[in-house]
Amino acid sequence: MAALAEAGYHVIAPNQRGYGNSSRPSEVTDYDIAHLSGDLVALLDHYGYNDATLVGHDWGAMVVWGLTLLHPDRVNKVINLSLPYQERGDTPWIELMEAVLGSDFYFVHFNRQPGVADAVFDENTFQFLRNLYRKNVPIREPQPGMAFIDLARAEAPLGEPVMSDDELAVFVSAFESTGFTGSINWYRNLDRNWHLLADVDPIIQQPTLMIYGDRDTIAKSDRLADFVPNVDVVTLDCGHWIQQEKPEETTRAILIWLEQQDATARVR
């Protein structure tokens, strides 16, 4: 944020619904892509911007992709990390994941067994977050059962931490206050989002920067340019937590790309 502000950009980093000091509605459907993208539109309205460059990582990237599809006039450029554009396909996403990855896959588990994972995470908040935010974790065969529940119950973390103890404490304090249900409700709307996006134009025309971690377990998309024709791709030598693992490289990639876009706009 500091580097972008120094370069002359106004940076807005929201606590999205279900997180931090933001609102936490009780209805699961209040966390669908219409509500999540609507929150960002409302922020732009609040600050008086017709459009903006949106930056997202993982679920944040999912929201940015959805916002750009639902409100294309409010997005001038897209920068997403880790999660590429998700092709909608013919089958609802949770149904597809269950068929391919099984009932223990965490997306499926969150939907089919509501409340179970929430309770385990709430009981083991520090342990779960400490074990989750890691890098250089040794590759191993998937184990039976729901991986995130096992992660929350594991007494010893693998790999190396991506945050200092003080940084991790901010996350732990926030989730001890809010619990995990609000954030997990994002996952519980995936099939609803699939239906909500049925009638929108699936092609994103905005200039886009996609940043991958070369060791991320989320797969790169071999059809990204089919749906995002104006995309540039940067790959960094890191895992899933791209901006935590490679903060300087991530910031540099974003600034260089934004400068290139500004130069192109001036030429036009």
Side-chain angles (χ1 to χ4, degrees), residues 1-16 19-20 36-37 39-41 43-44 46-86 133 135-136 162-164 167 170-171 203-225 227-268:
M1 287 181 67
L4 286 164
E6 194 173 310
Y9 298 98
H10 178 195
V11 185
I12 304 165
N15 270 336
Q16 297 197 84
Y19 291 89
L36 298 176
S37 60
D39 289 343
L40 298 181
V41 169
L43 267 180
L44 294 181
H46 174 79
Y47 285 105
Y49 291 109
N50 291 325
D51 57 28
T53 298
L54 276 294
V55 184
H57 170 264
D58 192 85
W59 250 116
M62 178 74 85
V63 175
V64 172
W65 293 127
L67 169 68
T68 310
L69 292 172
L70 292 171
H71 303 278
D73 58 320
R74 307 308 298 266
V75 181
N76 58 51
K77 289 181 284 292
V78 171
I79 301 173
N80 274 335
L81 286 69
S82 181
L83 185 79
Y85 180 97
Q86 300 297 292
Y133 286 102
K135 63 182 179 179
N136 298 327
V162 298
M163 292 186 284
S164 69
E167 290 168 332
V170 174
F171 286 73
I203 306 301
I204 287 179
Q205 301 291 351
Q206 286 83 344
T208 299
L209 174 63
M210 181 68 220
I211 303 177
Y212 289 116
D214 208 30
R215 290 180 274 165
D216 196 345
T217 54
I218 294 180
K220 300 178 178 68
S221 171
D222 57 4
R223 298 191 62 201
L224 182 61
F227 293 92
V228 192
N230 298 308
V231 66
D232 295 304
V233 175
V234 169
T235 301
L236 300 178
D237 181 22
C238 60
H240 180 65
W241 308 110
I242 298 170
Q243 66 271 36
Q244 282 92 6
E245 295 183 49
K246 297 288 184 179
E248 293 179 3
E249 294 87 342
T250 300
T251 301
R252 188 180 309 120
I254 290 172
L255 285 171
I256 289 172
W257 185 79
L258 287 171
E259 289 169 4
Q260 291 170 343
Q261 295 304 310
D262 290 342
T264 301
R266 285 195 296 272
V267 169
R268 289 174 184 165

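Just so it is clear, the structure is predicted and the values come from calculations on it, not from any experiment.
Between the NE2 atom in His240 and the CD1 atom in Ile218 there is a gap of 4.5 Å [rounded to 0.5 Å]. Atoms CG and CG, from Leu67 and Asp39 in turn, are 10.5 Å apart once rounded to the nearest 0.5 Å. With values rounded to the nearest 0.5 angstrom, Leu36 atom CG is found 7.0 Å from Trp59 atom CH2. In this structure, the separation between CD1 on Ile254 and CD1 on Ile211 is 4.5 Å, given to the nearest 0.5 Å.
Using a 4.5 Å cut-off on side-chain heavy atoms (C-beta onward), Thr53 and Asn76 make contact. Side-chain contact between Gln206 and Asn230: absent, with no pair of heavy atoms (C-beta onward) separated by less than 4.5 Å. When side chains are defined from C-beta on, Asn80 does not count as touching Thr208, because their heavy atoms never get closer than 4.5 Å. Counting heavy atoms from C-beta on, the side chains of Phe227 and Leu69 never come closer than 4.5 Å. Two residues are said to be in side-chain contact when any heavy atoms from C-beta on lie closer than 4.5 Å; Val55 and Leu81 meet this criterion. Side-chain contact between Leu258 and Tyr9 is present, with at least one heavy-atom pair separated by less than 4.5 Å. By the 4.5 Å heavy-atom criterion applied to side chains, Lys220 and Pro84 are not counted as neighbours. Within the 4.5 Å cutoff, side-chain heavy atoms of Trp241 are placed close to those of His57.
Taking Gln16 as the reference, Pro14, Leu40, Val63, Trp186 meet the side chain to side chain contact (heavy atoms under 4.5 Å, CB included) condition, with sequence neighbours excluded. His10 meets the ring-ring contact (aromatic ring centres under 6.0 Å, His included) test with Tyr47, Tyr49; sequence neighbours excluded.
Contact between Leu83 and Asp58 at its shortest, heavy atoms only, is CD2-O, 3.6 Å. Of all heavy-atom pairs spanning Pro229 and Gln205, the tightest one is CG-OE1, 3.8 Å. Scanning both residues, Val234 and Ala253, for their nearest heavy atoms gives CG1-CB, 4.3 Å. For the residue pair Ala5 and Val11, the shortest heavy atom distance occurs at N-CG2, 4.1 Å. For the residue pair Pro72 and Leu70, the shortest heavy atom distance occurs at CD-C, 3.4 Å. Taking each heavy atom of Ile242 and Gly213 in turn, the nearest pair found is CD1-N, 3.4 Å.
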Original post:
Stepwise, does the side chain to side chain contact (heavy atoms under 4.5 Å, CB included) test hold for Phe171 with Met163?
Top reply: CA-CA 10 Å; Phe171 286 73; Met163 292 186 284; 3.5 Å; yes

Original post:
After noting the C-alpha distance and the side-chain angles of Asp73 and Asp51, does the key distance pass the side chain to side chain contact (heavy atoms under 4.5 Å, CB included) rule?
Top reply: CA-CA 7 Å; Asp73 58 320; Asp51 57 28; over 6 Å; no

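Around CG of Asn50, the count of heavy atoms belonging to other residues, nucleotides or ligands within 6.0 Å does not exceed 12.
Side chain of Tyr212 to backbone of Ser221: a donor-acceptor contact under 3.5 angstrom is found.
Among residue pairs with one or both ends in residues 242-257, those qualifying as side-chain hydrogen bond (donor to acceptor under 3.5 Å, both in side chains) are Asp232-Trp257; sequence neighbours excluded.
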